[in-house]
Amino acid sequence: MEQNISALILAGGRGTRMGRVDKGLQPFRGGTLASHVLQRLAPQVASVAINANRNLGTYSALGVEVLPDELEGYEGPLAGLQTGLRHCTTGPPADSPCDSPFLPPDLAQRLYDALNAQGADLAVASTLEADEDGKARTQLHPVFCLVRKSALPALDDYLQTGSRKMDGWYKSIKVAEVLFNDAAAFRNINTLTELQNEEDAAANPSLKDVASCLSGYDPDALPVRSAQRIIREFIQPVRGIEKVALRSALDRVLAADVISPINVPAHDNSAMDGFAFAGAQLKPEGNTTLKVIGTAYAGRPSALKPGTGECVRIMTGGVMPDGCDTVLPQELAADLSDVAVTIAPNTVRTGDNRRFKGEDLAAGTPALRKGKVMRPADLGLVASLGLAEVPVQRRLRVAFFSTGDELRSIGEPLAEGCVYDSNRYTLFGMLQRLGCEIVDMGIVKDDAASLEEALRTACECADAVITSGGVSVGAADYTKQVMATLGDVHFWKIGMRPGRRWPLAASDPTATAPICLACREIRWP
């Protein structure tokens with residue numbers, strides 16, 4: 001949970017698309033839409049409030065503050081944002097609509113990081129979407145945003161013009177766009193029909209039912225996003241946690257929060273080489289001269305305790321002596337000798353150049369969050385906490401093979417009409433880069449019995465199975481036929497470029513083509 005971020009759930013509409021019932025209070029998977037959004041947001045922030053204009057008591061029962069619009073007349077999400085900015089007390093609010101219960105678990109943190117890194121006034125989520133020509137373009141989601149309170153005057157001015165467009169008010173401020181990979185995480189539930197479809201899918205997890213919701217599409221050219229939706233709705237996370245030595249944790253996924261056992265820094269300390277003293281001694285006019293009674297070094301706590309008119313020479317990282325709250329950088333001294341230092345007026349202020357105990361990280365708070373991919377800097381952070389091991393998710397185990405009598409392995413003589421099997425090496429490289437545990441099953445002959453045996457073996461030893469070849473309409477293309485005997489073929493061809501015909505089949509399909517997955521417990525990124 002980020003201590004410097006609050007959150008605001010926007011639920012202030014009239015519910016015109018939901019039979020005049022508040023969207024946020026519509027039943028959804030054992031709760032309400034608003035409660036599911038709250039469950040997603042609450043772990044990410046220090047506090048959550050809901051913007052609502054009706055049924056305030058019902059929203060209050062969720063245990064959060066409820067803020068009605070300060071503008072009258074149901075003026076849309078910007079009115080809710082304005083109210084939230086006026087009342088936020090725990091940092092910039094991360095905003096999300098009440099009808100989007102699938103929002104990313106790192107939404108607030110990534111928006112907050114971008115806001116600070118780019119010195120922006122507003123951070124907005126974005127995704128890549130395909131246009132009608134199949135080209136990728138950036139799609140902004142301005143209702144998923146994080147706003148500094150300093151941007152409130154710009155919002156007030158915009159609303160005073162009578163405009164209410166969510167993407168129109170921030171033209172005069174600095175905006176940071178934050179790209180998220182999962183576009184579906186930002187989808188919303190707009191109508192009662194969409195809500196019922198989601199409920200039906202949760203109650204009866206059959207991919208056939210989901211596919212039936214995608215009526216109107218050419219079965220020989222299923223849109224990529226529709227295929228991804230089917231896959232995403234029914235994939236379950238890989239289960240299994242293991243503790244590994246810190247050096248072995250690179251590129252692994254944390255299975256639990258890493259909690260700091262210590263304060264960082266461990267003590268109040270100096271941020272500069274200079275002189276530590278009580279700031280109350282600084283004279284508003286005229287020089288302040290202090291006697292130097294000793295030196296405090298980093299890593300060597302001292303018993304020095306300067307009194308009135310005294311100071312301690314201190315090195316960067318040195319523990320602040322008792323009674324000291326200010327450090328004068330050595331280079332800013334007006335006069336300096338072995339026994340005294342003179343400070344000119346207005347050179348430093350009380351409290352300058354002092355780092356507080358736990359300022360970077362307090363003991364008992366998360367240093368890294370569950371789901372974080374461990375990078376080199378993260379190894380250093382964990383090492384700075386004195387931790388030798390971290391809990392990580394078990395690696396995804398993937399089996400793969402190629403099919404085709406014409407294929408030869410590298411190093412073998414190449415007979416007429418044959419080709420070397422190159423796909424397996426491409427797949428190996430891609431899976432290795434993803435950090436998967438790899439089971440290379442080689443080349444399988446073009447006959448149904450061999451293919452069935454390979455698939456059954458692969459399912460017993462792996463979470464996912466990737467096949468290459470045997471998926472067209474030729475007499476020796478058995479892949480679809482064998483998959484249909486082992487499970488259900490839920491869709492077969494995807495309308496995408498380059499290429500077009502890409503197979504996907506499984507008892508529980510869990511990946512984009514050309515992939516067959518007949519095992520459960522897969523988490524597709």
Which atom of T32 lies closest to which atom of L25, heavy atoms considered: CG2-O, 3.8 Å

K372 NZ: over 12 foreign heavy atoms closer than 6.0 Å: yes

side-chain contact (heavy atoms from CB on, under 4.5 Å) assessment of I241 paired with V392: CA-CA 6 Å; I241 298 174; V392 295; over 6 Å; no

Check against side-chain contact (heavy atoms from CB on, under 4.5 Å), R86 and L152: CA-CA 8 Å; R86 288 178 175 176; L152 181 57; 3.6 Å; yes

D378 (side chain) donor-acceptor with R375 (main chain) under 3.5 angstrom: yes

Non-hydrogen atoms of W169 and V147 that approach each other most closely: CH2-CG1, 3.9 Å

Donor-acceptor contact present, side-chain D22 to main-chain A11, <3.5 Å: no

Inter-residue atom distance Q82.CD - L159.CG, 0.5 Å rounding: 5.0 Å

Main-chain N/O of R29 paired with H36 side-chain donor or acceptor, under 3.5 Å: yes

Gap between atom CG of L38 and atom SG of C98 - 0.5 Å precision: 12.0 Å

Gap between atom CG of L103 and atom CG of D182 - 0.5 Å precision: 11.0 Å

Check: V244 main-chain N/O paired with S248 side-chain donor or acceptor under 3.5 Å: no

Test log, rule salt bridge (Lys or Arg N to Asp or Glu O under 4.0 Å), inputs E437 and R397: CA-CA 5 Å; E437 187 177 322; R397 189 175 301 113; 3.0 Å; yes

Plane angle bin for H141 and F186 - parallel if under 30°, tilted between 30 and 60°, otherwise perpendicular: parallel

Heavy-atom side-chain proximity of M374 to L368 below 4.5 angstrom: yes

Verdict with reasoning, F428 to M430, per side-chain contact (heavy atoms from CB on, under 4.5 Å): CA-CA 6 Å; F428 170 84; M430 296 169 72; over 6 Å; no

Donor-acceptor pair, side chain of S260 and main chain of I262, under 3.5 angstrom: yes

Over all atoms of both residues, closest heavy-atom pair of P142 and V124: CA-CG1, 3.6 Å

Flag side-chain contact, heavy atom, 4.5 Å: S150 against D121: yes

Flag if over 12 foreign heavy atoms under 6.0 Å of NZ, K357: no

Derivation of the salt bridge (Lys or Arg N to Asp or Glu O under 4.0 Å) call for D268 and R355: CA-CA 6 Å; D268 288 7; R355 292 187 293 218; over 6 Å; no

K370 backbone acceptor or donor facing D257 side chain under 3.5 Å: yes

Where N51 and G80 come nearest, the two heavy atoms and their spacing: OD1-CA, 3.2 Å

pair R164-L71: side-chain heavy atoms closer than 4.5 Å: yes

Heavy-atom pair with the smallest gap, counting every atom of L361 and P366: CD1-O, 3.7 Å

pair L192-Q26: side-chain heavy atoms closer than 4.5 Å: yes

G435 backbone acceptor or donor facing R395 side chain under 3.5 Å: yes

Side-chain heavy atoms of V382 within contact of L379, under 4.5 Å: no

Derivation of the side chain to side chain donor-acceptor pair (under 3.5 Å) call for K23 and N190: CA-CA 8 Å; K23 270 190 179 183; N190 260 324; 2.7 Å; yes

Point-to-point distance, once rounded to the nearest 0.5 Å, from CG of N116 to CZ of R148: 5.0 Å

Distance-only donor-acceptor check, side chains Q160 and D156, under 3.5 Å: no

Check against side-chain contact (heavy atoms from CB on, under 4.5 Å), F400 and R424: CA-CA 8 Å; F400 62 101; R424 270 178 37 244; 3.9 Å; yes

Given I9, N55, N53, L56, the one that forms side-chain contact (heavy atoms from CB on, under 4.5 Å) with V66: L56

Closest approach of L387 to P261 (non-hydrogen atoms, all atoms of both residues): CD2-CG, 4.1 Å

Residues S468 and N423: side-chain donor-acceptor under 3.5 angstrom: yes

Polar side-chain atom of D99 near backbone of N188 as donor-acceptor pair, under 3.5 Å: no

Residue pair E242, R394: steps toward the salt bridge (Lys or Arg N to Asp or Glu O under 4.0 Å) verdict: CA-CA 6 Å; E242 54 190 12; R394 176 177 68 78; over 6 Å; no

Nearest-0.5 Å distance, CG of residue L146 to OG of residue S96: 12.0 Å

Any side-chain heavy-atom pair of V439 and V398 under 4.5 Å: no

Test item: I50 and E65 side chains (from C-beta on) under 4.5 Å apart, heavy atoms: no

Aromatic F102 / basic R187 pairing, under 6.0 angstrom, 45° off normal: yes

Any donor-acceptor pair under 3.5 Å from S100 side chain to P97 backbone: no

Point-to-point distance, once rounded to the nearest 0.5 Å, from CG of L179 to OG of S126: 4.5 Å

Pair D106-Q44, side-chain donor/acceptor within less than 3.5 Å: no

Within-4.5 Å side-chain heavy-atom neighbours: F28 and I189: yes

